[in-house]
Undergrad: 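Let me begin by handing over the structure; questions about it come next.
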Amino acid sequence: MAEINQNTDGTVEEVEDENSEDTNIQNELSAFRAKWMSELQPSSGGRRSLQKSAELKRRQEIAREEKARELFLKAVEEEQNGAVYEAIKYYKSAMLLVPDIEFRINYSRTPDPDRSGSYLEDNEKDREIDDLLTYFQQQLTLGYDTMKLCEPETDTSQVHISALPFEVLMYVFRWVVSCDLDLRALEQLSLVCRGFYICARDPEIWRSACLRVWGRSGTKMLPFSSWREMFLERPRVRFDGVYISKTSYIRQGEESLDGFYRAWHQVEYYRYLRFFPDGQAMMLTTPDDPLVVVPRLRSNNSRMDSIMLGHYRLSQDTDNQTKVYVVVSKRKEEKVSEYQRSRFCRRNPVPEAERSFHVGLQLASGGRQRFNKLVWIHHSCHITYRSTGETVVTAFDVDKMYTPLFFARVKSFTAFSERPL
């Protein structure tokens, strides 16, 4: 609709309706904006793919930073321990992942050069749990009235080991330790799950092991905080292998008939000493290689002729040194009848006597292993004549020919369990 207005100068002007014109402009502008936004916005499928790629990128960055943090802290520990070359490799690997990883780690205190370890600010995930046993017990008790040791990871038609009562499960663990005191297998079994870790820390198992090793002297746990700590820290002989020493020397031979040369011989022989938890010991001196002899020392019922059987005891003297005293003798031979002995020739009767060897050893540790070294301090032979009851003692000089015995673990000794602990 239009209006006609007359101006003061007498001219006439036609003016359109302002309201209708403004409405048309607004409609065109809205349509243009809608078309423009539709062209700029991506489709719903493209938006989801962008979100997924962004989330994946964020996770990769977090994983890369965690790996770089772990490598950097490992480098700090190696540097504190003096392994500079290894530390440089870890530093380089960490900075290849995250170049500014050094500035992303917050230290709770100034690093002490005399103290090794990481100085990362502790949080709930990275903090080392002091009492792991109590922590696991609390975790397994959450949500249940009683502690539940373990649960099957997947559904199965067979009966899971978690269905066994706690007493039956502990009896199985005693079979794992066995009468050979294979506590190494018990420690490996504790790595299966949290429930097995709790069972493997049962005080009664470690107390029984201590009583088997030290007898009446092992009834008191002090100064140790637990029976397990006592078994691991208190000096003792090891049962899952054999102590071996090798002796070599040069011996002068006989002179030739023409006197132009004299032969020299290199003599090598081994000493083997094995201990059993029930207090028995087994000793053997032979030139045979360990690959041949060691498999025959698994049981104290070995049929080797030259083997000597006996017993041992541990003693801790006032100098705080643990010593091992061993008494061994050869297995008694079957008596030959007088008729068979004098059938072809008559001999003068040899006085019957019993021979035993007394050995004193000092228990020590060498290298990474503990209680793996026995040093000679005494060796003597006792001969007792049955007719008179007289005992003759011959002491040997402990010189360089008595090389220390070092422990060698033998897996086959504890591969089978004959009786539970």
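Small disclaimer: the values here were computed from a predicted structure and weren't measured.
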Undergrad: Within the 4.5 Å heavy-atom criterion, are Leu284 and Met282 side-chain neighbours or not?
TA: no
Undergrad: If we ignore hydrogens and angles and just use 3.5 Å, is the side chain of Ser356 paired with the main-chain N or O of Ser329 as donor and acceptor?
TA: no
Undergrad: With the side chain counted from C-beta on, respond yes when Ile205 and Trp227 share a heavy-atom pair under 4.5 Å apart, and no when they do not.
TA: no
Undergrad: Which residue pairs pass the ring-ring contact (aromatic ring centres under 6.0 Å, His included) test when at least one of the two sits in residues 360-384, sequence neighbours left out?
TA: His358-His382, Trp376-His379, Trp376-Tyr402, His379-Phe396, His379-Tyr402
Undergrad: Can Thr285 and Ser306 be said to form a side-chain contact (heavy atoms from CB on, under 4.5 Å), step by step?
TA: CA-CA 8 Å; Thr285 302; Ser306 56; over 6 Å; no
Undergrad: Sub-3.5 Å donor-acceptor pair from the side chain of Asp180 to the main-chain atoms of Asp182, do we have one?
TA: no
Undergrad: Taking the side chain as C-beta and beyond, is there a heavy-atom pair between Tyr91 and Val76 under 4.5 Å?
TA: yes
Undergrad: What heavy-atom pair brings Phe173 and Leu186 nearest, and what distance separates the two atoms?
TA: CD2-CD1, 3.5 Å
Undergrad: Measure the shortest side-chain to side-chain distance between Arg174 and Glu204 over non-hydrogen atoms and say whether it is less than 4.5 angstrom.
TA: yes
Undergrad: Testing Phe275, Phe406, Tyr272 for ring-ring contact (aromatic ring centres under 6.0 Å, His included) with Tyr243, which one passes?
TA: Phe275
Undergrad: Give the intermediate values and the outcome of side-chain contact (heavy atoms from CB on, under 4.5 Å) for residues His311 and Arg313.
TA: CA-CA 7 Å; His311 60 276; Arg313 65 180 178 89; over 6 Å; no
Undergrad: Which heavy atom in Pro290 sits nearest to a heavy atom in Pro295, and how many Å separate them?
TA: O-CD, 3.9 Å
Undergrad: Going through the distances and angles, do Lys74 and Glu78 end up as a salt bridge (charged side-chain N to carboxylate O under 4.0 Å, His left out)?
TA: CA-CA 6 Å; Lys74 181 66 175 177; Glu78 294 292 341; 3.6 Å; yes
Undergrad: Please check if the number of heavy atoms outside Arg409 that lie under 6.0 Å from its CZ is greater than 12.
TA: yes
Undergrad: Hey, is the main chain of Lys323 close enough, under 3.5 Å, to the side chain of Ser315 for a donor-acceptor pair?
TA: no
Undergrad: Main chain of Phe276, side chain of Gln280: is a donor-acceptor contact present, judged purely on distance under 3.5 Å?
TA: no
Undergrad: Please round to the nearest 0.5 Å and tell me the distance separating atom NE2 of His265 and atom OH of Tyr249.
TA: 10.5 Å
Undergrad: List the atom of Val242, the atom of Leu273, and the distance in Å for their closest heavy-atom pair.
TA: CG2-O, 3.4 Å
Undergrad: Got more than 12 heavy atoms from elsewhere within 6.0 Å of CG, Asp399?
TA: yes
Undergrad: With a 4.0 Å cut-off on N to O distance, would you call Arg69 and Glu65 a salt bridge?
TA: yes
Undergrad: Roughly how far apart are Tyr197 OH and Leu189 CG, rounded to 0.5 Å?
TA: 13.0 Å
Undergrad: Can you tell me how far apart CZ (Arg207) and CG (Asp202) are? Round to the nearest 0.5 Å.
TA: 11.5 Å
Undergrad: Keeping Arg64 on the side-chain end and Val98 on the backbone end, is there a donor-acceptor pair under 3.5 Å?
TA: no
Undergrad: Atom NZ of Lys89 and atom CD of Glu86: how far apart are they, to the nearest 0.5 Å?
TA: 4.0 Å
Undergrad: Quick one: are Leu297 and Val410 in side-chain contact, heavy atoms under 4.5 Å?
TA: no
Undergrad: Name every donor-acceptor pair, under 3.5 Å, that has one atom in a side chain of residues 231-239 and the other anywhere in the protein, sequence neighbours excluded.
TA:
from, atom 1, to, atom 2, distance (Å)
Glu233, OE1, Arg370, NH1, 2.7
Arg234, NH1, Ser217, O, 3.3
Arg236, NE, Phe231, O, 2.8
Arg238, NH2, Asp240, OD2, 3.4

Undergrad: What's the separation between atom OG1 in Thr403 and atom NZ in Lys246, rounded to the nearest 0.5 Å?
TA: 10.0 Å
Undergrad: Between Arg274 and Ser299, what is the shortest heavy-atom contact and its length?
TA: NH1-N, 4.1 Å
Undergrad: Before you tell me yes or no, could you show the steps for Leu314 and Val324 under side-chain contact (heavy atoms from CB on, under 4.5 Å), namely the whole-Å CA-CA distance, both residues' side-chain angles and the distance that decides it to 0.1 Å?
TA: CA-CA 5 Å; Leu314 298 175; Val324 185; 3.5 Å; yes
Undergrad: What pair of heavy atoms forms the shortest contact from Met308 to Phe357, and how long is it?
TA: SD-CD1, 3.5 Å
Undergrad: Answer yes or no: does atom CD of Glu418 have more than 12 heavy-atom neighbours from other residues, nucleotides or ligands under 6.0 Å?
TA: no
Undergrad: Set out, in order, the CA-CA distance, both residues' side-chain angles and the distance that settles side-chain contact (heavy atoms from CB on, under 4.5 Å) for Arg228 and Glu187, then state yes or no.
TA: CA-CA 11 Å; Arg228 179 175 178 271; Glu187 292 290 281; 2.6 Å; yes
Undergrad: After noting the C-alpha distance and the side-chain angles of Tyr325 and Tyr312, does the key distance pass the ring pair (Phe, Tyr, Trp, His ring centres under 6.0 Å) rule?
TA: CA-CA 6 Å; Tyr325 295 98; Tyr312 72 94; over 10 Å; no
Undergrad: What are the two closest heavy atoms between Ala87 and Glu79, and how far apart are they?
TA: CB-N, 3.7 Å
Undergrad: To the nearest 0.5 Å, how far apart are CG in Leu363 and NZ in Lys373?
TA: 11.0 Å
